[in-house]
Amino acid sequence: MRSLKNKKILVGITGGIAAYKIPNLIRELIKLEAEVKVVLTEEATKFVIPYTLKILSKNDVFIDQFELTDEDGIIHTSLANWPDLYVIVPATANSIAKITYGICDNLLTLFPLSSKSKILIVPSMHTNMYENEITQKNIQILKERGFYVLEPETGELAGGDVGKGRLPDIERIVFEIIKLTYKKSFLDKKILITSGPTREYIDPVRFISNPSSGKMGYELALEGVLRGGNVTLISGKVSLKPPYEVKLINIENSEELYDEVSKNFFSNDYLLMSSAVCDFKPVEKKENKIKKEEDFPSVLNIKKTRDILKEMGSLKKNQKLIGFALETENEIENAKKKLSEKNLDMIVLNKISDKSGFEKDTDEITIIFKNGKITSFPVLPKSEVAKIIFDFMEDL
Ligand SMILES: Cc1cc2nc3c(=O)[nH]c(=O)nc-3n(C[C@H](O)[C@H](O)[C@H](O)COP(=O)(O)O)c2cc1C
C-alpha cells in the first residue's frame, strides 16, 4: 500500500451493523499516517462507541451538530473544507436516502451539503434493502452528482444469510481511499506491465527459470492504477496478490508472454517490461518425465527465446517503451546498448546486491533516457522505485 501522510480523512459512520468494523479501518488509516476525524449518527453510537474511535483516531469525534468545536467554531462550517476525503462507511439506506434529497437533520448528512470535499459512500445493508429500487435509484442519483460509491460485496451477512450488501474488506476500502487522494497523472492512460519470471520446460516437471518474485512489476501495476491508469498486468508464476482493479493475465513461459504482449501492445500507451524473461529454453520439451536412471541428458540442448522487447521496439508507433536491465558487468554501457538496440524510451538498470534485485523489497536503480540523461538513486523500497519510474514517465 501507499502512505497517506498529510492526507486528512473525515470518516462518517452510520447505524449499520458493519459499523463494528470501522475501528479497524481507522487503525489502518492511522498506520498509513493519515490524519483522521470521525463523525457519527446517533444510531451509529449503538453499534460502536465514540470513546474507542477517539482513542484510535487520536482526534475529535463529532455527533451533535449543535455542539461547538474546541475553538468555539460551528462544526459543519469549520470542518467543511478540512478533509481531502469524506468517507461515509458503512452508509445505511436511511443516510443514503437523506443525502440524496438534501435532508440534513444530523451532522453526518449535513456535511455533503456544507462541504466541497470529495465524498466516498460505502453502502452496507441487507440484500433486500440494497437491491430495493429506492436504494438503487438513490445511489444512481448520487453517482450522477459526483459522489464516489464503493459497491458492497456478496457474502455472508449479519443474519447468517448470503447475498449482496456486505461491507468490502478493510484493505479494499483503504485502497479506494488511497486512490481517491492520489495524484491522477495517468488518468485513463492504458498501461501494459509484464512481471515475474518465465519457466521454460525441459519435461512436464522441470524447467529453466530465475528467482524473479514479481515484486517490482506488482508495485508498478499498483502505482499505475492509483494514478488513474487502466493497467493490464501480464504475470509469470509468482505468489503475490494482484493489486485491485488491475486486469491480470497469467502466463508461464516466454512464448505465452510473447503472445499476450503482442496481442495487447497496440491498444496500450505504455509498455513496461519488468518481467525476467528467460533468455534460453530447451530445444524440445520432453513429453514424459525424464527418468533419472535411463535417459538423463548430460547435455541440455538450448536455444534463444524471442526478444520480445526488441520486437515491440521495432513495431512501436506512439507507445512509450520502458525496459529493465539487470547486469553484472559494464552495467551502464550494457544498459545503454540495450536502450538503443531495442528502441526504448527509458531503461531502468537494477543493481544486484544484498539489498537490490531479485526477491528483495528494496532496489537500487539507475534510469537512462534516450537522450543520454542518466539519474541514479540510493537503495529504496520498491514502492518508492515505482513512484520514481512513473514520475519520469510523465515527461516521456
Ligand atoms: C441490528 C440492526 C442492524 C441494522 N443494520 C443495518 C445495516 O447494515 N444497514 C442499514 O442500512 N440499516 C441497518 N439498520 C437500520 C438502521 O439502523 C436504521 O435505518 C437507522 O435509522 C439508521 O440511522 P442512520 O442512517 O442515521 O445511522 C439496522 C438496524 C438494526 C436494529
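Predicted, not measured: the structure shown is a model, and the values here were computed from it. Heavy atoms only: backbone and side chains are in, while hydrogens, waters and symmetry mates are out. Along the sequence shown, the residues carry numbers beginning at 1.
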- prompt: Considering only heavy atoms from C-beta outward, does the side chain of K351 approach that of F377 to under 4.5 Å?
  reply: no
Using a distance-only test with no angle check, is there a side-chain donor-acceptor pair under 3.5 angstrom linking [X] and [Y]?
X: E252; Y: Y201; answer: yes
X: E394; Y: S185; answer: yes
X: T194; Y: S275; answer: yes
X: E144; Y: Q140; answer: yes
X: Y218; Y: E223; answer: no

query: With P282, which of R206, E200, K303 fulfils side-chain contact (heavy atoms from CB on, under 4.5 Å)?
result: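 Answer to the side-chain contact (heavy atoms from CB on, under 4.5 Å) test with P282 among R206, E200, K303: E200.
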- prompt: Taking Q65 as the fixed residue, which of V39, T109, L107, L108 is the one that meets the side-chain contact (heavy atoms from CB on, under 4.5 Å) rule?
  reply: L107
Heavy atoms from other residues, nucleotides or ligands near [atom1] of [X] exceed 12 (cutoff 6.0 Å):
X: I374; atom1: CD1; value: yes
X: N371; atom1: CG; value: yes
X: F266; atom1: CZ; value: yes
X: Q136; atom1: CD; value: yes
X: K316; atom1: NZ; value: yes
X: K189; atom1: NZ; value: no

message: Under 6.0 Å from the ring centre and within 45 degrees of the ring axis: does the NZ or CZ of K387 meet both conditions for the six-membered ring of F390?
response: no
Lys NZ or Arg CZ of R227 over F186 ring: under 6.0 Å, within 45°: no
Honestly curious: do [X] and [Y] fall in one hydrophobic cluster under the side-chain, below-4.5 Å linking rule?
X: V225; Y: I322; result: yes
X: I119; Y: V149; result: yes
X: I63; Y: L79; result: no

